[in-house]
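Remarks on the structure that follows.
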Amino acid sequence: QVQLVESGGGMVQAGDSLRPSCAGSGRTFSSYAMGWFRPAPGKEREFVAVIMWSDGSTSYAESLEGRFTISRDNAKNTVYLQMNSLKTEDTAVYYCAARRGRPRSSVYEYNNWGQGTQVTVSS
């Protein structure tokens, strides 16, 4: 098992940027995929982005690619989500998740979750 702790959310205005992070502990992450998910109000968690720890390959939700960038810091066992040109509809609790193996976009493919970090975007 791995422990995941998100941080770096906050309250910003539309057009601003945020870079929440997800710090992992308990194991090395070389065989893991690390993803970000968010629920819209009243909805289930939806895929945002994922990164394969071993080679840094990434994948994004089609609607977010170009504004959001996922990255990792190997030395810190930390994954980041650079969010640019934020919109009010980006407001959500952002969750970090991990799975052993290849990247997947389904929330049900992940068995390790952080507590989430709140991102609020005001107009």
Side-chain angles (χ1 to χ4, degrees):
Q1 294 79 45
V2 297
Q3 303 292 326
L4 304 175
V5 180
E6 299 97 331
S7 63
M11 301 176 61
V12 299
Q13 294 182 338
D16 287 350
S17 298
L18 279 175
R19 197 190 189 201
S21 62
C22 173
S25 63
R27 299 285 186 184
T28 60
F29 288 79
S30 61
S31 63
Y32 280 78
M34 304 286 292
W36 287 96
F37 297 81
R38 71 183 188 185
K43 296 185 179 297
E44 301 293 329
R45 296 179 191 181
E46 298 176 342
F47 172 71
V48 173
V50 65
I51 186 168
M52 188 68 197
W53 201 264
S54 60
D55 62 6
S57 60
T58 60
S59 183
Y60 299 89
E62 185 174 340
S63 62
L64 299 176
E65 189 168 9
R67 288 199 300 123
F68 288 15
T69 303
I70 189 171
S71 62
R72 52 144 163 75
D73 186 319
N74 293 339
K76 297 180 179 180
N77 280 347
T78 298
V79 64
Y80 303 91
L81 185 67
Q82 179 69 49
M83 303 186 292
N84 297 327
S85 301
L86 283 165
K87 306 174 181 179
T88 56
E89 53 262 44
D90 295 319
T91 295
V93 177
Y94 283 72
Y95 293 90
C96 179
R99 71 181 305 275
R100 192 179 185 92
R102 295 297 182 183
R104 297 289 186 269
S105 60
S106 172
V107 63
Y108 301 106
E109 296 285 351
Y110 292 79
N111 53 12
N112 294 277
W113 291 87
Q115 84 290 345
T117 186
Q118 176 70 50
V119 172
T120 302
V121 184
S122 301
S123 61

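Just the heavy atoms: all of them, side chains too, but no hydrogens, waters or symmetry mates, feed the values below.
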Which pair of non-hydrogen atoms, one from [X] and one from [Y], has the smallest distance, and what is that distance?
| X | Y | value |
| --- | --- | --- |
| P39 | Y95 | CD-CE1, 4.0 Å |
| T88 | S122 | CG2-C, 4.0 Å |
| S71 | R19 | OG-NH2, 3.6 Å |
| A97 | F37 | CB-CE1, 4.0 Å |
| L18 | L86 | N-CD1, 3.9 Å |
| A14 | S123 | CB-CA, 4.3 Å |

Membership question, hydrophobic clusters at under 4.5 Å side-chain separation (ILVMFWY): are [Y] and [X] in the same one?
| X | Y | answer |
| --- | --- | --- |
| V2 | M34 | yes |
| M52 | Y60 | no |
| V50 | M83 | no |
| V93 | F47 | yes |
| L4 | Y32 | yes |

Reported [atom1]-to-[atom2] distance for the pair [X] and [Y], which is rounded to 0.5 angstrom:
| X | Y | atom1 | atom2 | answer |
| --- | --- | --- | --- | --- |
| K43 | R38 | NZ | CZ | 12.0 Å |
| S59 | R102 | OG | CZ | 13.0 Å |
| C22 | Q115 | SG | CD | 8.5 Å |

Stepwise side chain to side chain donor-acceptor pair (under 3.5 Å) test for T91 and T120 = CA-CA 5 Å; T91 295; T120 302; 5.3 Å; no
Yes or no on side chain to side chain contact (heavy atoms under 4.5 Å, CB included) for D90 and R67, after CA distance, side-chain angles and deciding distance?
-> CA-CA 11 Å; D90 295 319; R67 288 199 300 123; 2.8 Å; yes
Is there side-chain contact between [X] and [Y], with at least one heavy-atom pair below 4.5 Å?
| X | Y | value |
| --- | --- | --- |
| E6 | P20 | no |
| V48 | L64 | yes |
| W36 | I51 | no |
| W113 | R45 | yes |

Look at the rings of F68 and Y94 and say which category their plane angle falls in: under 30° parallel, 30 to 60° tilted, over 60° perpendicular.
-> tilted
Among side-chain atoms of S54 and S30, is any donor-acceptor pair under 3.5 angstrom?
-> no
Above 12 or not: heavy atoms from other molecules or residues under 6.0 Å from CD of Q13?
-> no
